[in-house]
Structure formats: C-alpha cells, structure tokens
Number of protein chains: 2
Amino acid sequence: MRTDAKKNYNALLAVAGTVITEQGADASLRDIARRAGVGLATLFRHFPTREALLEALLRVNFDQMTARADELEAATSPADALVLWLEEFIAHAHQYRGVVASMMTALEDPQSPLHASCVTMRSAGTRLLSRAQAEGTARTDIDGTDLFALAGSLAWLGDQPAIAPRVDHLFSVVSSAILTPAGNRTTAARTASRDRD
Amino acid sequence: MRTDAKKNYNALLAVAGTVITEQGADASLRDIARRAGVGLATLFRHFPTREALLEALLRVNFDQMTARADELEAATSPADALVLWLEEFIAHAHQYRGVVASMMTALEDPQSPLHASCVTMRSAGTRLLSRAQAEGTARTDIDGTDLFALAGSLAWLGDQPAIAPRVDHLFSVVSSAILTPAGNRTTAARTASRDRD
DNA sequence: ACCTGAACACCGTTCAAGT
DNA sequence: ACCTGAACACCGTTCAAGT
C-alpha cells in the first residue's frame with residue numbers, strides 16, 4: 001500500500017470510530033469521508049461496504065474478546081468466566097450502537113466481511129458455555145448460537161434509551177436462566193460450584 | 001373528512017400494511033404513496049411522521065392485544081396468562097419487522113404517536129405480571145418495563161433471520177427466568193400453582 | 001496506483017400552485 | 001378542503017478524468 005493510501009486508510013478508520021461511536025452503526029459514510037478530509041470514493045475503495053468498515057473497526061474488539069475468553073477460561077470458574085465474558089461482550093457492543101444487528105445477519109451470511117469474526121466470537125462463547133455445562137452450572141438445552149442470540153438481544157436492549165438504565169438488571173435475569181438449570185441465582189450457582197470443589 | 005380524502009387515507013393504510021409486512025418498518029414512504037396511487041405529499045398530510053403511520057397500522061393489533069389480556073386474565077391461571085400473552089405480543093410484533101425498535105423509543109417519548117399505545121401495552125403486561133407475582137409464580141424483582149423489554153428483545157431476535165428458527169426455544173428460556181423465582185421450568189410452575197389451589 | 005468531482009438514482013420533507 | 005408536482009438537501013454507489 002502506498003504511503004498516502006495508508007494515511008487515508010488510517011484517517012478514515014479513526015474518524016469512523018468517533019463518528020460511529022457518536023451516531024451509531026448507520027452513520028453517514030459521506031459524513032465520515034468528509035470529516036476525514038477524503039473523497040467519498042476513496043472511502044468506498046478502502047471499504048467497499050459498510051460492513052467492511054465495521055469489520056475493520058471491530059477487529060480490535062474482536063481480538064480483545066477472544067483473548068479475554070482464553071484468559072477467563074484459564075483463571076476463573078466456568079460459571080463466572082461465562083458470565084463475565086458475556087458482560088464484556090455486551091459492553092463492547094454498546095460502544096457502537098446498532099452494530100449488533102449487523103453481527104446477527106453476518107452470522108449466517110458467509111459473504112459478509114463480519115462473518116468470520118462473528119463465527120469466532122460464537123466459538124469462544126460456545127467454549128465457555130460448554131465448560132459450564134460440563135460442570136453442571138449452565139443449562140444444557142442451549143447452544144452457542146442461543147448464547148450469541150441472548151447476548152445480542154441484551155446488547156440491543158442497551159441501545160434503547162428507554163431500557164438502557166435497566167440493562168444490568170435484565171442481564172442478571174437472563175443470566176439466571178442460562179446458569180443452573182435448577183434455576184438458582186448466580187450467587188447460588190457459585191456456592192454450588194464451590195461446594196463441589 | 002371529505003370522501004376523497006377518506007378514500008386516500010384507507011388506500012394508504014392498506015398499502016402500507018402490505019409494504020411494511022414485506023419490507024419492514026423502514027420501508028420507503030415514497031414507495032407506499034406510489035403503490036397507493038397517491039401523491040407523496042398526501043401521505044405526509046395524513047401521516048405527518050412514519051410513527052404516525054405505524055400507529056394507525058398497529059392500532060388494530062394494540063386493541064386486539066389489550067382485549068386478549070382481559071380475556072386471559074378472566075379465563076386462565078396467572079402464569080399461563082402471562083406466558084400466552086407474551087407469546088402473542090411477540091407474534092404480532094413479528095408481523096412488522098423492525099417495528100419493535102420504534103415501540104421501545106416511543107415508550108419514553110411522550111411526543112411519539114406510538115407513546116400512548118405502548119404505555120397501554122406495558123400496563124396490560126404489568127397487570128398480568130402482577131397477578132403472577134402475587135400468586136408466587138413470577139419473580140418479584142422485575143416490573144412491567146422489564147417485561148416489555150424482554151418481550152421486545154425476543155421480538156427483535158425473531159426479526160433476525162439467523163435466529164428466527166430458535167426464537168421459540170429462546171422464548172422458553174427467558175420465560176423460565178420470569179416465572180418462578182426458584183427457577184423451575186414452566187411445567188413445574190404450573191404444577192406448583194395447581195398444588196396450591 | 002491512487003485519488004477526486006460529478007453524475008445517478010434513491011430518500012424524507014416542504015411548499016407554491018392547482019382544483 | 002384537499003391534492004399534486006417540483007424543489008430541496010440528503011443518502012449510497014459508480015466511473016471517467018486527473019496526478
């Protein structure tokens with residue numbers, strides 16, 4: 001890549017980050033190009049679709065979340081690791097309002113630039129879920145796609161101004177459904193897990 | 001209203017119903033006016049905002065859901081009434097893809113044409129929830145807004161093609177979190193309720 | 001190689017001009 | 001009273017013309 005091209009690429013990505021943080025994933029691409037001091041057509045060659053731009057933007061978050069899954073898997077109890085990871089997933093998604101819808105559609109569209117990353121995220125979640133299921137602290141009638149869907153729906157709720165204040169509480173409600181098929185609360189699950197050790 | 005105006009109004013509403021069923025709540029208003037054989041400005045006078053059009057379109061569903069709540073309250077056990085009503089709420093929302101986002105924002109925006117209807121829906125849900133809470137078959141740490149949010153998030157999941165096939169299962173997962181704080185499954189809640197009678 | 005301005009076909013919104 | 005066509009300021013996408 002030529003040095004001027006690289007400079008434009010970096011400027012676009014930086015501006016896209018701030019604009020999409022401000023206005024959401026459906027922000028005007030024209031506006032992004034304008035604020036980056038670059039022709040609109042230049043943006044389109046670097047990022048042929050909106051999803052390609054989102055992918056470049058989210059790559060950092062995706063890599064971080066994947067690493068975090070490994071970290072939690074090594075250091076924490078299966079149930080805690082699962083819950084903590086989901087919490088971070090939702091927090092990351094919240095940074096870019098509306099992005100979770102793109103991630104959902106990308107999941108079943110192999111053509112989407114976001115497809116590979118979303119499948120990777122789902123795999124990471126599935127691994128944490130399986131560990132908790134094997135330990136008996138997560139219900140066994142859900143799979144990684146269900147987990148992805150529930151996390152996505154909570155992230156979506158976080159994007160709704162009327163609901164955002166309650167999303168932490170709703171997270172604990174949904175978590176209680178995921179953890180411990182017997183239906184105990186998170187703390188109870190932790191107790192059960194500790195007692196078993 | 002003049003008879004020609006009434007005719008245009010009805011034509012617009014009928015066409016909007018089919019177009020929004022096909023293309024979702026963000027369908028082109030120009031397209032709706034075109035297919036109704038009416039000038040675009042005419043659509044805007046009858047329905048000054050997209051939300052006003054949605055409100056007129058959803059009024060039928062809202063009235064139906066309100067009546068259904070009364071019906072279920074009279075005829076069914078609190079827990080069953082709650083779950084059945086939520087199921088129908090989600091099915092109705094599913095008819096117009098993307099409409100649930102408008103309902104969420106309308107909930108806290110008194111200016112929105114959808115505001116009153118959404119508040120009414122929330123009230124109906126709150127009533128059914130309170131009955132189940134009083135009976136001991138629904139967890140007591142959630143309120144009507146939480147219920148609205150959870151139902152809305154499930155409706156949103158139903159709009160995602162990748163998730164739609166699993167939405168019935170996810171509904172049962174979330175329901176299990178709403179019902180019976182002890183966390184038993186729906187059938188167990190029903191058993192508990194029956195035993196108490 | 002890479003960039004850009006202009007053109008294209010859309011969109012929602014407004015309003016003067018018609019009946 | 002009610003309707004309409006045209007104008008306006010946007011949008012994403014494409015492409016010939018520039019360096």
Side-chain angles (χ1 to χ4, degrees), chain A residues 1-57 96-99 101-102 105-106 109 111-114, chain B residues 1-57 96-99 101-102 105-106 109 111-114:
Chain A
M1 187 143 47
R2 242 163 56 175
T3 59
D4 57 340
K6 186 76 191 166
K7 213 188 79 184
N8 283 340
Y9 180 94
N10 290 333
L12 280 166
L13 207 53
V15 170
T18 66
V19 171
I20 288 179
T21 298
E22 286 169 19
Q23 308 182 10
D26 54 351
S28 161
L29 299 178
R30 229 189 192 88
D31 192 35
I32 291 172
R34 207 154 31 207
R35 285 167 65 164
V38 152
L40 177 56
T42 302
L43 183 148
F44 274 88
R45 202 170 358 81
H46 281 299
F47 308 104
T49 65
R50 165 172 257 116
E51 296 204 314
L53 177 58
L54 288 177
E55 203 280 331
L57 209 57
Y96 301 121
R97 180 161 34 91
V99 84
S102 303
T105 51
D109 174 17
Q111 306 305 320
S112 167
L114 285 166
Chain B
M1 184 141 51
R2 242 164 55 175
T3 58
D4 56 341
K6 187 76 191 164
K7 211 187 81 184
N8 283 340
Y9 180 93
N10 291 333
L12 281 166
L13 208 53
V15 170
T18 67
V19 170
I20 288 178
T21 299
E22 286 169 18
Q23 308 182 12
D26 56 350
S28 161
L29 299 178
R30 232 188 190 88
D31 192 32
I32 291 171
R34 209 155 27 208
R35 283 167 66 165
V38 154
L40 177 55
T42 301
L43 183 148
F44 273 86
R45 201 169 2 79
H46 281 298
F47 308 103
T49 66
R50 167 173 254 115
E51 296 204 315
L53 178 57
L54 288 177
E55 203 281 331
L57 209 55
Y96 301 119
R97 183 162 30 94
V99 84
S102 303
T105 51
D109 174 18
Q111 306 306 321
S112 166
L114 284 166

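Note that this is a predicted model, so its numbers are computed, not measured. Letters A, B, ... are given to chains in the order of the sequence lines, protein chains preceding strands, and every chain is numbered from 1.
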Give the nucleotide from the list [options] with an atom nearest to the side chain of [X].
{"X": "B:A5", "options": "C:dC3, D:dC3, C:dT13", "result": "D:dC3"}
{"X": "A:R45", "options": "C:dT4, C:dC11, D:dC11", "result": "C:dT4"}
{"X": "A:R30", "options": "C:dC3, D:dT13, C:dT13", "result": "D:dT13"}
{"X": "B:R34", "options": "D:dT4, C:dC11, D:dG12", "result": "C:dC11"}
{"X": "B:D4", "options": "D:dC2, D:dG12, C:dC11", "result": "D:dC2"}

Subject >> Sidechain N-carboxylate O distance under 4.0 Å for A:D4, A:K7 >> reply: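 A salt bridge is absent here (no side-chain N lies under 4.0 Å from a carboxylate O).
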Compare all side-chain heavy atoms of [X] with those of [Y] and state whether any distance is below 4.5 angstrom.
{"X": "B:T105", "Y": "B:E51", "result": "yes"}
{"X": "A:R97", "Y": "A:I20", "result": "no"}
{"X": "A:F44", "Y": "A:L29", "result": "yes"}

Subject >> Secondary structure of DNA chain C in dot-bracket form (Watson-Crick or G-U wobble, distances below 3.5 Å, | marking inter-strand pairs) >> reply: ||.|||||...|||||.||
Strictly below 4.0 Å: does [X] bring a side-chain N or O up to OP1 or OP2 of [N]?
{"X": "B:N8", "N": "D:dC2", "answer": "no"}
{"X": "A:H46", "N": "C:dC3", "answer": "yes"}
{"X": "A:S28", "N": "D:dG12", "answer": "yes"}

Tell me: [atom1] of [X] to [atom2] of [N], nearest whole Å?
{"X": "B:I32", "N": "C:dT13", "atom1": "CD1", "atom2": "P", "value": "12 Å"}
{"X": "A:F44", "N": "C:dA7", "atom1": "CZ", "atom2": "C1'", "value": "14 Å"}
{"X": "B:L40", "N": "C:dC11", "atom1": "CG", "atom2": "P", "value": "9 Å"}
{"X": "A:D31", "N": "D:dT13", "atom1": "CG", "atom2": "C1'", "value": "17 Å"}
{"X": "B:L12", "N": "D:dT4", "atom1": "CG", "atom2": "C1'", "value": "13 Å"}
{"X": "A:F47", "N": "D:dT14", "atom1": "CZ", "atom2": "P", "value": "17 Å"}
{"X": "B:E51", "N": "C:dG12", "atom1": "CD", "atom2": "C1'", "value": "14 Å"}
{"X": "B:L43", "N": "D:dC3", "atom1": "CG", "atom2": "P", "value": "11 Å"}

Subject >> Criterion side-chain contact (heavy atoms from CB on, under 4.5 Å) against A:R35, the qualifying member of A:D31, A:I32, A:V38 >> reply: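 Result for side-chain contact (heavy atoms from CB on, under 4.5 Å) with A:R35: A:D31.
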Original post:
Are any side-chain N or O atoms of B:S112 and backbone N or O atoms of B:D109, one a donor and one an acceptor, separated by less than 3.5 Å?
Top reply: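 No; judged by distance alone, with no hydrogens or angles, the pair does not exist.
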Original post:
Where the side chain of B:R50 meets the backbone of B:A25, is there a donor-acceptor pair that is under 3.5 Å apart?
Top reply: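 A pair under 3.5 Å: yes.
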Subject >> C:dG12 base / B:R50 side chain donor-acceptor hit below 3.5 Å >> reply: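 A donor-acceptor contact between them is absent.
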Original post:
Base, sugar-phosphate, or nothing for B:A27, non-hydrogen atoms under 4.0 angstrom?
Top reply: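 Counting heavy atoms under 4.0 Å across all strands, the contact made by B:A27 is with sugar-phosphate only.
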**OP:** Please tell me which of A:L29 and A:A41 maps to the more 5' nucleotide of DNA chain D, matching each residue to the nucleotide holding its nearest heavy atom.
**Re:**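 Counting from the 5' end, the first nearest nucleotide belongs to A:L29.
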Subject >> CG-CZ distance between A:L12 and A:F47, expressed to the nearest 0.5 angstrom >> reply: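 The CZ atom of A:F47 is 6.0 Å from CG of A:L12, to the nearest 0.5 Å.
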